[in-house]
There are 2 protein chains.
Amino acid sequence: MPPTSPPPSSTPQRILDVAERLVQTQGFNGFSYADIASELHVTKASLHYHFATKAALGTELIARYHDTFQRALDGIDADERDARRKLRRYVDLYAGVLRKDRLCLCGMLASDFATLPRPMKDAVRRFFDLNERWVARVLEEGRKARTVRLGGAAAEVARTLVAALEGAMLVARSYGDVSRFEAALERLVTPLVTRQRS
Amino acid sequence: MPPTSPPPSSTPQRILDVAERLVQTQGFNGFSYADIASELHVTKASLHYHFATKAALGTELIARYHDTFQRALDGIDADERDARRKLRRYVDLYAGVLRKDRLCLCGMLASDFATLPRPMKDAVRRFFDLNERWVARVLEEGRKARTVRLGGAAAEVARTLVAALEGAMLVARSYGDVSRFEAALERLVTPLVTRQRS
DNA sequence: GTCTATAGGTGGATAGAC
DNA sequence: GTCTATCCACCTATAGAC
């Protein structure tokens, strides 16, 4: 097979791609069907055929993001055995998002939280749950292998780490400065993966 | 003077009070002049008399928030001498906001950042600058007094702390659970103010 | 599955009376 | 300083032709 044309996405997928980027950059209340339509050169009515309401589109958006993220985490588990390397790969997922000038989809939706329909609220929390559970498990693995040093319960440390990553992305983007995020990463992760303070 | 009626706020102040709460809960793109008007039982036209445009209102909002925060930090400096106590008072400012079911005004605006007019963007960054400068100074004070232990440059630790607080508020609010924020606080602050890991 | 056309509502903002 | 009335652009969403 020649390494030419990328696989043609279905129309719903392309809609989700554009919507995802718009939410990650502008927020759920910061874009409209018209924005997606003009970018894809289709009409708003056509979008409503695939996603009847904005709430439905938003819910699908989170579901796809969740699944993609889940697969990425599975990939890390398959590739790496060292908890420290798993953690690095994990935070790199976030760094990759920020490098595209985006925020975490669910971090963004968390700030729009009060205005979201119920199904979206629940889905946002489930995304955070997924993150916290995975990080907590990896921290536990590292603790057992004596490659990670924890100052408390893994679940607590995981929650703090996930929240701190979301905040670091948020602030770093305001300065348009990815290195701000990367510096925060080091501060947050190094104390965990180092045997003792250097 | 009898401890009766609270001081009557001017109309612009009351407008700012309502707008501030709406931004902190719904985001800058999640409320309208109509929302403020109905709550204050005035017309939208009346609001435009005091704040010609939404951008002007937003800019005033950040300026007032900045000043109020600056005064709160000055108050902490006046009240406390121990850097550890200053830090506790500082993070309590954030906890107080979250207990009112709000996010930091500028944390919220940071997520709306891409859609904000220039003057608001600049003002948001200045608020973060203020926070980071103050925290860095307090950390330095603590380091000199040997009551604070830093694993790096005070400015870097301050940046990470401020960003982590913003993220911890964001996530905690999605769960409607202030204790989540408080737990994160302990994880973030305790390693700084304790002489050594317990 | 995409279009035209449109409904019904809300957005920020303005003119001019009081 | 607040009101009524209004503008126009935009919003989400639907009906019905192709």
Side-chain angles (χ1 to χ4, degrees), chain A residues 7-23 25-62 108-109 111-121 123, chain B residues 7-62 64 108-109 111-121 123:
Chain A
S9 312
S10 67
T11 301
Q13 286 300 314
R14 275 179 300 144
I15 294 169
L16 288 171
D17 289 341
V18 174
E20 182 177 276
R21 197 193 67 244
L22 288 171
V23 173
T25 52
Q26 326 241 82
F28 194 68
N29 298 318
F31 82 101
S32 72
Y33 269 42
D35 296 324
I36 306 174
S38 77
E39 186 159 339
L40 293 180
H41 305 293
V42 294
T43 60
K44 291 184 289 172
S46 182
L47 300 180
H48 280 285
Y49 170 80
H50 296 285
F51 302 97
T53 66
K54 201 181 178 187
L57 173 62
T59 303
E60 289 273 321
L61 225 38
I62 309 175
M108 185 58 100
L109 292 174
S111 68
D112 297 324
F113 203 77
T115 68
L116 298 182
R118 242 302 162 64
M120 288 184 69
K121 289 184 179 180
Chain B
S9 312
S10 69
T11 301
Q13 285 300 315
R14 276 179 299 144
I15 294 168
L16 288 172
D17 289 341
V18 174
E20 182 177 275
R21 197 193 67 243
L22 288 171
V23 174
Q24 289 183 276
T25 52
Q26 326 243 78
F28 193 69
N29 298 319
F31 81 102
S32 71
Y33 270 42
D35 296 325
I36 306 174
S38 76
E39 187 160 339
L40 294 179
H41 305 292
V42 294
T43 60
K44 290 188 292 173
S46 182
L47 300 180
H48 279 285
Y49 170 80
H50 296 285
F51 302 96
T53 66
K54 201 181 178 186
L57 172 61
T59 303
E60 289 272 321
L61 224 38
I62 308 175
R64 193 181 68 151
M108 186 58 100
L109 292 173
S111 68
D112 298 323
F113 203 79
T115 67
L116 298 181
R118 243 301 161 71
M120 288 186 68
K121 288 184 180 180

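Letters A, B, ... are given to chains in the order of the sequence lines, protein chains preceding strands, and every chain is numbered from 1.
Heavy-atom distances under 4.0 Å link DNA chain D to no residue of residues 14-29 of chain B.
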Check against side-chain contact (heavy atoms from CB on, under 4.5 Å), Met108(B) and Phe28(B): CA-CA 8 Å; Met108(B) 186 58 100; Phe28(B) 193 69; over 6 Å; no

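Scanning for side chain to side chain contact (heavy atoms under 4.5 Å, CB included) contacts around Ala34(B) gives Ser32(B), Lys44(B), with sequence neighbours left out. Evaluation of the salt bridge (charged side-chain N to carboxylate O under 4.0 Å, His left out) rule for Glu20(A) yields Arg64(A), Arg102(A) as partners, not counting sequence neighbours. Every side chain to side chain contact (heavy atoms under 4.5 Å, CB included) that Ala45(A) has, sequence neighbours left out, goes to Thr43(A). Shown here are the side chain to side chain donor-acceptor pair (under 3.5 Å) partners of Thr11(A), two or more places apart in sequence or in another chain: Arg14(A). Applying the ring-ring contact (aromatic ring centres under 6.0 Å, His included) test to Phe51(B) and every residue at least two apart in sequence or in another chain returns nothing. Not a single ring-ring contact (aromatic ring centres under 6.0 Å, His included) links His50(B) to another residue, sequence neighbours left out. Every residue meeting the side chain to side chain contact (heavy atoms under 4.5 Å, CB included) condition with Gln26(B), not counting sequence neighbours, appears here in chain and number order: Ala114(A), Thr115(A), Leu22(B).
Base engagement by Thr43(A) is indicated by at least one non-hydrogen atom pair under 4.0 Å involving a base atom.
For the helix from dG1(C)-dC18(D) to dC18(C)-dG1(D), the angle separating the two terminal helix axes comes to 0°, with each axis derived from five pairs and the value rounded to 10°.
Along DNA chain D, read 5' to 3', the first and last nucleotides having any atom under 4.0 Å from a heavy atom of chain A are dC11(D) to dA15(D).
Within the structure, salt bridge (charged side-chain N to carboxylate O under 4.0 Å, His left out) contacts touching residues 21-43 of chain B (residues at least two apart or in different chains) are Arg21(B)-Glu39(B).
Rounding to the nearest 0.5 Å places CG of Asp17(B) at 9.5 Å from CG of Leu61(B). Rounding to the nearest 0.5 Å gives a distance of 6.5 Å between CD of Glu60(B) and CG of Leu16(B).
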Restricting both atoms to N or O, compile the protein contacts to nucleotides 13-15 of chain C shorter than 3.5 Å, with distance only.
{"residue": "dA13(C)", "atom": "OP2", "partner": "Lys54(B)", "partner atom": "N", "Å": "2.7"}
{"residue": "dA13(C)", "atom": "N7", "partner": "His48(B)", "partner atom": "NE2", "Å": "3.2"}

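In this structure, Leu57(A) and Leu47(A) have side chains that are not in contact, with every pair of non-hydrogen atoms separated by 4.5 Å or more.
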